[in-house]
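Labels below follow one simple rule: chain letters A, B, ... track the order of the sequence lines, proteins then strands, and each chain is numbered from 1.
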Amino acid sequence: MPELPEVEVTRLSFADRIDGAVVTGVRVGKPLRWPLGIEPLQLTGLRVGAVTRRGKYLWLSMRAGEVAPNAVLPSDGGLLLHLGMSGSLAFSPQPAAPGVHDHFDLATDRGTLRLTDPRRFGAVVWSPTLDTGMAGKLLASLGLEPFDAAFDGVHLHAALQRRRVAIKLALLGGDIVVGAGNIYACEALFTAGIDPRTRSDRLSRPRCQRLAQAIRQTLQAALDLGGSTLRDFRDAHGMAGQFQLSARVYGRAGQSCTVCGTPVRRIVQAQRSTFFCPSCQKR
DNA sequence: CTGGGCTCCTGTCAGC
DNA sequence: TGCTGACAGGAGCCCA
C-alpha cells in the first residue's frame with residue numbers, strides 16, 4: 001500500500017491530535033518486521049510530540065521529563081513506524097476491540113493509535129533519536145526527499161550516471177530519491193515519457209529534469225487526492241484515497257493509453273509489475 | 001561496490 | 001464449491 005503520499009496523508013490525519021498526548025498503555029500483537037526494541041511498559045508516561053515523516057517512515061517523537069518523574073522511563077526517544085505493504089494507522093478516542101490484524105496499539109489520554117497490518121511487513125521500532133539506534137540504521141541510506149529543493153534534474157542526472165540499472169528500479173531503490181513506490185514510479189515515468197527499462201545512465205540531463213518534475217507532480221497529485229486505495233489503505237480517520245482512479249498506466253494492462261490509445265503493457269522487473277505505454281514512453 | 005534474486009506474511013482472485 | 005497458483009502498495013539481506 002503505502003508510498004509517500006499515503007504515509008504523508010496518514011501523518012496529516014493524526015499528527016495534530018496526538019501531539020501532546022500522554023501514553024497510558026501499549027499492546028503488541030503478533031511480531032512485525034522487527035522487535036519493538038523496548039519493554040512496552042517503559043513507554044507508559046511518555047509524552048508524544050511532533051509526528052514527522054522521512055521517506056515512507058513516520059517518526060513519533062516522545063519525551064519523558066515532567067509527565068511522570070517517578071516512572072521507570074527510558075531517555076527521550078521515539079517510535080519509528082513503517083506501514084510495509086499492507087499497514088494502516090487509525091487514531092480513535094474509543095477504539096474497538098483489537099482484530100486479528102491489529103498488531104500494535106499505543107493508547108494515550110487522547111485516543112489510541114493502532115497499526116493494522118495483515119501481512120506484517122510493517123514495523124514499530126523504538127529509537128533514542130532519528131540519527132542513532134535502529135532509526136539511524138534504517139534511514140542512513142535514504143535518498144533525497146522529492147520535495148526538497150536539492151532534488152532537481154541536475155542532482156537526479158548525477159545520481160543516475162553512477163548506476164546502470166533500469167530507471168524504474170533506480171527509483172524504487174529509494175537511495176536516490178525516496179517516496180515513489182511501484183504505483184508512482186510507473187506513473188511518473190509515464191508522465192516523463194520514459195521507458196521504465198531504460199538504463200539509468202543513459203538518460204540525458206533534460207530527460208532527468210522532466211523526470212524529477214514528473215515525480216514531484218505525480219506525488220503532489222496523489223497527496224491532493226488522499227493517496228491511492230487499491231485494497232485496504234485508509235488514513236487515520238478511516239478515509240480511502242482516490243488517486244487510483246486517475247492512474248494512467250498502473251493496473252491498466254491491456255487498456256488503452258489515455259493519450260495515444262495504444263494498449264498499456266505489463267512487464268515484470270525485479271519480481272514486480274511495471275505498467276507502461278510502449279508508444280508514449282521511449283528509451 | 002553493484003545488481004539480481006529471495007524472503008518475510010496473509011488475503012484475494014482467476015482459472016480449472 | 002474447492003483447490004491451486006499468481007499476485008499484491010516494501011525493502012533488507014545474501015550472494016555472485
- Find which nucleotide of DNA chain B each of A/Arg163 and A/Gln271 is nearest to by heavy atoms, and output the residue with the more 5' nucleotide. A/Arg163
- Message: How many whole angstroms separate atom CG of A/Leu32 from atom P of C/dG10?
- Response: 17 Å
- Sidechain N-carboxylate O distance under 4.0 Å for A/Asp102, A/Arg114: yes
- Query: Can a donor-acceptor pair be found between the side chains of A/Arg266 and A/Ser273 at a distance below 3.5 Å?
  - Reply: yes
- Query: Mapping A/Lys30 and A/Val165 to their closest nucleotides on DNA chain B, which lands nearer the 5' end?
  - Reply: A/Val165
- Could you check whether A/Arg266 gets within reach of a base, just the sugar-phosphate, or nothing at all, counting any heavy atom under 4.0 Å? sugar-phosphate
- Task: Decide if the gap between the ring center of A/Tyr184 and the ring center of A/Tyr250 is smaller than 6.0 angstrom.
- Result: no
- Message: Once hydrogens and angles are ignored, does a donor-acceptor distance under 3.5 Å link the base of C/dA8 to the side chain of A/Arg272?
- Response: no
- Message: Can you tell whether the side chains of A/Glu145 and A/Arg54 come within less than 4.0 Å, N to carboxylate O?
- Response: yes
- Check the distance between B/dT10's C1' and A/Leu230's CG and give it to me in whole angstrom. 17 Å
Below 3.5 Å is the cut-off: list the nitrogen or oxygen pairs between protein and nucleotides 12-16 of chain C, distance only.
{"unit_1": "C/dG12", "atom_1": "OP1", "unit_2": "A/Tyr57", "atom_2": "OH", "d": "3.0"}
{"unit_1": "C/dG12", "atom_1": "O4'", "unit_2": "A/Arg33", "atom_2": "NH2", "d": "2.8"}

- Query: Which whole number of Å gives the distance between the P atom of C/dG9 and that of B/dG3?
  - Reply: 22 Å
- Item | Phosphate contact (C/dG10 OP1 or OP2) by A/His82 side-chain N/O below 4.0 Å | no
- Message: If I take atom CG in residue A/Asp175 and atom P in nucleotide B/dG3, what distance separates them, rounded to the nearest angstrom?
- Response: 9 Å
- Does the base of B/dC9 carry an N or O that pairs as donor and acceptor with the side chain of A/Arg120 under 3.5 Å? no
- Message: Without decimals, in angstroms, what is the distance between A/Tyr250 OH and C/dG9 C1'?
- Response: 6 Å
- Item | Test log, rule side-chain contact (heavy atoms from CB on, under 4.5 Å), inputs A/Thr274 and A/Cys186 | CA-CA 6 Å; A/Thr274 295; A/Cys186 289; 4.3 Å; yes
- Task: Report the C-alpha distance between A/Gln281 and A/Arg265 in whole Å, list the side-chain angles of each, state the deciding distance to 0.1 Å, and finish with yes or no for side-chain contact (heavy atoms from CB on, under 4.5 Å).
- Result: CA-CA 11 Å; A/Gln281 297 176 250; A/Arg265 271 192 71 191; over 6 Å; no
- Item | Aro-ring/base stack A/Phe121-C/dA11, d under 5.5 Å, angle under 30° | no
- Has A/His101 got a side-chain N or O lying under 4.0 Å from the OP1 or OP2 atom of B/dG11? yes
- Query: Which pair of heavy atoms, one from A/Phe243 and one from A/Glu187, lies closest together, and at what distance?
  - Reply: CE2-CG, 4.2 Å
- Give the rounded distance in Å between these two atoms: CZ of A/Arg231 and P of B/dG11. 11 Å
- Message: Rounded to whole Å, please give me the gap between CD in A/Gln269 and P in C/dG9.
- Response: 13 Å
- Message: I need the minimum non-hydrogen distance between A/Asp235 and A/Ser13, along with the two atoms involved.
- Response: CB-OG, 3.7 Å
- Atom-to-atom span, CG of A/Leu169 to C1' of B/dG3 - whole angstrom: 9 Å
- Once you round it to whole Å, what is the distance between C1' of B/dC6 and CG of A/Leu172? 16 Å
- Pairing string of DNA chain C (Watson-Crick or G-U wobble, both atom distances under 3.5 Å; | = paired to other strand) is .|||||||.|||||||
- A/Arg163 bridged to A/Asp175 by N-O distance under 4.0 Å: yes
- Option among A/Thr258, A/Thr218, A/Thr191 that satisfies the side chain to side chain donor-acceptor pair (under 3.5 Å) test with A/Arg248: A/Thr191
